[in-house]
Amino acid sequence: MDPRDDDIEFDFFEEEPATTEAQSPQSRVRLPRRGGRGPGIRGPAGPQRGLTPLLRLLALIAIIVAALVFFGLLVQSCASTSKHDAYKSYMGEVAKVAQSSATDGAQLATDLTTSGVKPTDLATKLDGVAEGERQNVAKAQRLNPPGPLRPEHEDLIEALQLRVTGVQGLADTFRKTANSKASTDAALLAAPAERLLASDVIWDDLFRGPATTQMKNDGVSGVVAPESHFVTNQSLITEQSMVLVLQRLRGASTSGGTPTGIHGTNIVETKVLPGGQTLSPTTENTVVATTDLSFVVTVADSGDSQEVGIEVTLTIKKAQGAIVKTQTIDLINPGQTKPVTFKNLGQVPFAQPTTVNVDVAPVPGEHNTSNNKATYKVIFSLG
């Protein structure tokens with residue numbers, strides 16, 4: 001047997017269709033191999049035809065994976081944008097409620113510190129403030145918070161409800177005690193007033209703080225949970241302060257509205273900032289006029305009654321027209337001192353004698369006003 005007959009080729013990828021007639025060994029014709037190689041020596045094999053479909057399949061899979069990754073990132077980006085918009089829209093609506101409630105709180109402080117008001121009139125004013133807070137509660141209840149913030153939203157509503165009950169409690173108590181002289185009336189007023197302070201704590205600790213943390217955990221940036229402080233002056237809602245409020249209100253309810261007790265204020269001192277120089281009313285004062293020049297006037301309540309709405313005016317004389325600034329002390333209790341700061345004074349007169357005048361408006365029932373005014377001789381220098 002010819003050794004070359006053992007050189008049998010196998011094709012694992014394609015099979016030739018079988019013929020009806022078998023070919024005889026003698027009919028097989030071998031073509032001479034290129035390169036002059038002897039029989040039995042095969043040249044290097046070309047790429048197998050079965051590998052091409054596999055490569056095409058792998059390329060298709062890679063394209064599909066890339067498409068899935070792309071659409072996954074696109075969906076994630078859209079979801080992130082949607083989440084950000086949901087938080088932004090919600091906090092925008094909360095900010096409106098927060099601002100409205102804070103305005104009601106400022107109105108409460110104004111009503112409590114308005115002089116010459118009778119208890120029944122004050123109660124009517126506070127009824128209006130309470131109604132404003134009921135409307136804020138209704139607005140908050142209609143909001144649709146993002147899912148993770150639903151517990152915090154419930155706390156927000158609770159804070160607003162405390163403001164309703166607190167203000168309404170004050171109104172009802174002022175109305176009930178209008179003709180009373182009991183020493184326990186102040187304690188009755190302090191109880192609902194404490195609800196107002198509690199509402200600020202709940203807003204900060206149970207809504208604003210946790211909401212800020214939740215947004216951070218959700219990857220939401222650029223959205224701020226608004227604050228809302230209802231109590232503008234904590235000293236106004238203490239039991240001792242309520243004693244003085246009642247004293248003032250009941251004095252206004254006497255015949256002709258004449259205040260009872262001793263009333264009066266006085267100027268303690270006037271300082272120059274930023275240097276801290278105390279002006280002398282008896283000698284000339286040289287004041288360095290810096291760009292942030294300001295004056296701080298300290299006023300004392302020298303009577304035994306609470307005073308409210310006290311206007312303090314500072315005047316600097318100059319040829320081109322005096323510089324006049326006015327500030328208001330909302331409330332001051334007996335024996336208490338309050339600083340009043342005057343800044344943004346503009347161009348003061350340099351290198352020439354002038355005067356700085358301070359005038360504290362008299363309070364109702366004040367008889368001695370001689371200590372409500374002060375005049376200081378001043379020369380402003382550039383330092």
Any side-chain donor near an acceptor of the partner, [X] and [Y], under 3.5 Å:
X: T283; Y: S280; value: yes
X: D304; Y: H263; value: no
X: D104; Y: Q107; value: no
X: T313; Y: T326; value: yes
X: Y87; Y: D218; value: yes
X: T270; Y: Y376; value: yes
X: S101; Y: R163; value: yes

Non-hydrogen atoms of D205 and P210 that approach each other most closely:
O-CD, 3.2 Å
Taking all atoms of both residues into account, what is the closest heavy-atom pair of L162 and L196, and its distance?
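Reported closest heavy-atom pair: O-CD2, 4.2 Å.
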Evaluate the side-chain contact (heavy atoms from CB on, under 4.5 Å) criterion for residues K343 and L273: first the C-alpha distance (whole Å), next the side-chain angles of each, then the deciding distance (0.1 Å), finally the verdict.
CA-CA 9 Å; K343 53 187 177 180; L273 294 181; over 6 Å; no
Whether the side chain of [X] engages the backbone of [Y] through a donor-acceptor N/O pair (distance < 3.5 Å, no angle test) should be reported.
X: T328; Y: D330; result: no
X: N285; Y: K377; result: yes
X: K325; Y: T341; result: no
X: N357; Y: T375; result: no
X: N368; Y: S370; result: yes

Centres of the F207 and H153 rings: under 6.0 Å?
no
Before accepting this row, confirm whether a basic side-chain N of the pair D185/R250 lies closer than 4.0 Å to the acidic partner's carboxylate O.
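Here D185 pairs with R250 in a salt bridge, since their nearest N and O are under 4.0 Å apart.
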Is it true that R175 and D172 make a salt bridge, defined as a side-chain N closer than 4.0 Å to a carboxylate O?
yes
Exceeds 12 heavy-atom contacts within 6.0 angstrom, atom CZ of R195:
no
Over 12 foreign heavy atoms within 6.0 Å of CG, D292:
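Enclosed: over 12 neighbouring heavy atoms sit under 6.0 Å from CG of D292.
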Let's go through D301 and Q336 carefully: what are the C-alpha distance in whole Å and the side-chain angles of both, what is the deciding distance for side chain to side chain donor-acceptor pair (under 3.5 Å) to 0.1 Å, and is it a yes or a no?
CA-CA 6 Å; D301 184 340; Q336 189 178 23; over 6 Å; no
